[in-house]
Undergrad: 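Let me begin by handing over the structure; questions about it come next.
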Amino acid sequence: MKLKLISKQIEAEGTKSFFFEPEKEIKYFAGQYYYFTLPKLNYPDPRGATRHFTLSSSPTEGKTIRLTTRVRQESGFKKTLDELPIGAVVEGEGPTGTFIFDENTILNENDKSPQIFLAGGIGITPFRSMIKYNIDKGLGIPMHLIYSNSTVEQITFRKELEEWAVSHPEFLKVDMTISKPEEGQEKWNGIVGRIDADLVTKLTSGLVNPTYWLCGPPAMVDALEQALATLKIPNGQIKSEKFTGY
């Protein structure tokens with residue numbers, strides 16, 4: 001399917017969103033990803049001209065789909081993507097992926113179990129989609145996002161996430177932690193350190209039958225899976241997605 005680039009937006013240090021208008025509406029679940037193929041590469045890239053990205057937009061946000069990524073200079077694909085002029089057309093294929101938020105599998109008549117999102121870096125993208133979907137559909141499913149970045153400047157969707165937490169406190173809680181505050185320009189007075197078993201226990205104790213969603217770099221997701229194992233969380237209550245090729 002042809003996708004036309006209609007706008008770009010800076011989301012955080014080194015991170016941008018690219019908004020595409022598909023030739024026809026795409027039906028997808030929050031959390032699914034899509035394949036994007038550029039017409040040509042301006043720079044060499046051993047992985048070629050096709051990449052898949054989780055859609056950071058929600059299915060409730062209309063026809064436009066949103067790709068959010070960290071633009072790394074060592075990636076010929078991402079440099080080329082960043083240089084695409086507004087109006088450029090790329091090829092898209094999808095959606096696909098099983099790391100999805102489907103309210104029909106989460107909700108029953110009397111149960112709204114908490115959904116705990118553990119995100120690292122650009123691993124926030126599926127959770128932005130899921131939170132927005134929950135808000136727009138009026139589902140009221142309890143969500144608690146714990147989001148880790150190296151510096152304050154790297155927090156993607158920060159303003160939006162903070163505003164949503166304030167406007168929907170009855171079902172949404174957002175905690176952010178910074179692992180290398182000394183490397184950033186902005187002073188950070190919040191939680192410091194990586195997400196680990198102690199932090200998860202501190203922030204989520206008392207929740208009944210929660211589901212844990214993990215998304216971020218493979219090393220982080222592996223560490224979180226081990227941390228949850230030490231907390232005796234059953235595998236059936238854990239969903240994982242590893243973002244490779246940052």
Undergrad: Would you sort out whether K4 and I6 count as a side chain to side chain contact (heavy atoms under 4.5 Å, CB included), showing the intermediate values?
TA: CA-CA 6 Å; K4 183 171 72 173; I6 59 172; 4.3 Å; yes
Undergrad: When you measure from the side chain of T80 to the backbone of N42, do you find a donor-acceptor pair of N or O atoms at a distance under 3.5 Å?
TA: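 Looks like yes, one N/O pair under 3.5 Å.
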Undergrad: Side chain to side chain contact (heavy atoms under 4.5 Å, CB included) between K112 and F171: does it pass, once the steps are laid out?
TA: CA-CA 10 Å; K112 288 187 178 181; F171 63 82; over 6 Å; no
Undergrad: For K79, I'd like to know if atom NZ has over 12 heavy atoms of other residues, nucleotides or ligands within 6.0 Å.
TA: yes
Undergrad: Would you mind reporting whether L161 and W164 have side-chain heavy atoms less than 4.5 Å apart?
TA: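 The answer is yes; the side chains approach within 4.5 Å.
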Undergrad: Is there a side-chain contact between F127 and M130 (heavy atoms, below 4.5 Å)?
TA: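 When only atoms from C-beta onward are counted, M130 and F127 do touch, with a gap below 4.5 Å.
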Undergrad: Do the rings of W213 and F117 sit parallel, tilted or perpendicular, given the 30° and 60° boundaries?
TA: perpendicular
Undergrad: Is a side-chain donor or acceptor of N149 paired with a backbone partner of V152 at a separation under 3.5 angstrom?
TA: no
Undergrad: For atom CG of D102, decide whether the heavy atoms of other residues, nucleotides or ligands shown that lie under 6.0 angstrom number more than 12.
TA: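 It does: D102 CG has more than 12 such atoms within range.
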Undergrad: Quick one: ring-ring contact (aromatic ring centres under 6.0 Å, His included) pairs with a partner in residues 3-25, sequence neighbours left out?
TA: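 Passing the test, one end in residues 3-25: F20-F36.
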Undergrad: Would you check if the side chain of S129 reaches a backbone N or O of S57 as a donor-acceptor pair within less than 3.5 Å?
TA: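 Such a contact is found between S129 side chain and S57 backbone.
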Undergrad: Do I178 and I155 touch side chain to side chain, with heavy atoms closer than 4.5 Å?
TA: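 Side chain of I178 against side chain of I155, heavy atoms only: contact under 4.5 Å found.
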Undergrad: Looking at residues at least two apart in the chain, or sitting in another chain, which of them share a side chain to side chain donor-acceptor pair (under 3.5 Å) with T96?
TA: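 Once residues adjacent in sequence are excluded, T96 has no partner under the side chain to side chain donor-acceptor pair (under 3.5 Å) criterion.
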Undergrad: Look only at the side chain of E93 and the backbone of Y35, and say whether a donor-acceptor pair between them is shorter than 3.5 Å.
TA: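 No.
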Undergrad: Taking atom NZ as the centre, does K137 end up with more than 12 heavy-atom neighbours from other residues, nucleotides or ligands that are less than 6.0 angstrom away?
TA: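 Result for NZ/K137: open.
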Undergrad: Does the distance from a Lys or Arg side-chain N to an Asp or Glu carboxylate O, for R51 and D45, drop under 4.0 Å?
TA: yes
Undergrad: Please tell me whether E183 and S150 have a donor and an acceptor in their side chains that are separated by less than 3.5 angstrom.
TA: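 Judged by distance alone, the side chains do not pair up.
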Undergrad: Does E91 have more than 12 heavy atoms from other residues, nucleotides or ligands lying within 6.0 Å of its CD?
TA: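 Above 12, so yes.
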Undergrad: Show your working on side chain to side chain contact (heavy atoms under 4.5 Å, CB included) between L228 and L214 and close with a plain yes or no.
TA: CA-CA 10 Å; L228 295 182; L214 323 178; 3.8 Å; yes
Undergrad: Around Y28, counting heavy atoms of other residues, nucleotides and ligands shown, do more than 12 lie under 6.0 Å from its OH?
TA: yes
Undergrad: So if you build clusters from Ile, Leu, Val, Met, Phe, Trp, Tyr with side-chain heavy-atom gaps below 4.5 Å, do L67 and I10 land together?
TA: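 In one cluster: no.
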Undergrad: Between F157 and S56, which heavy-atom pair has the shortest distance, and what is it?
TA: CZ-CB, 3.9 Å
Undergrad: Would you call the rings of F101 and Y133 parallel, tilted or perpendicular, where under 30° means parallel and over 60° means perpendicular?
TA: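 Perpendicular: the ring planes of F101 and Y133 meet at over 60°.
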Undergrad: Taking the basic N atoms (NZ, or NE/NH1/NH2) and the acidic carboxylate oxygens, is any pair closer than 4.0 Å for R128 and E11?
TA: no
Undergrad: Give a yes or no answer on whether the side chain of E61 reaches the backbone of S58 with a donor-acceptor pair at less than 3.5 Å.
TA: yes
Undergrad: Spell out, as yes or no, whether a donor-acceptor pair under 3.5 Å connects the side chain of K239 to the backbone of F99.
TA: no
Undergrad: Within the distance-only criterion (no hydrogens, no angle test), does the side chain of Q32 pair as donor or acceptor with the backbone N or O of G97 below 3.5 angstrom?
TA: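 Checked: pair present.
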Undergrad: Has K8 got more than 12 heavy atoms of other residues, nucleotides or ligands less than 6.0 Å from its NZ?
TA: yes
Undergrad: Just by modelled atom types, is the P210 backbone N or O under 3.5 Å from a matching donor or acceptor in the Q237 side chain?
TA: yes
Undergrad: Heavy-atom distance under 4.5 Å between the side chains of P181 and T151, does that happen here?
TA: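 Heavy-atom side-chain distance check fails, nothing below 4.5 Å.
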Undergrad: Do any N or O atoms from the side chain of Y147 and from the backbone of G121 form a donor-acceptor pair under 3.5 angstrom?
TA: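 Looks like yes, one N/O pair under 3.5 Å.
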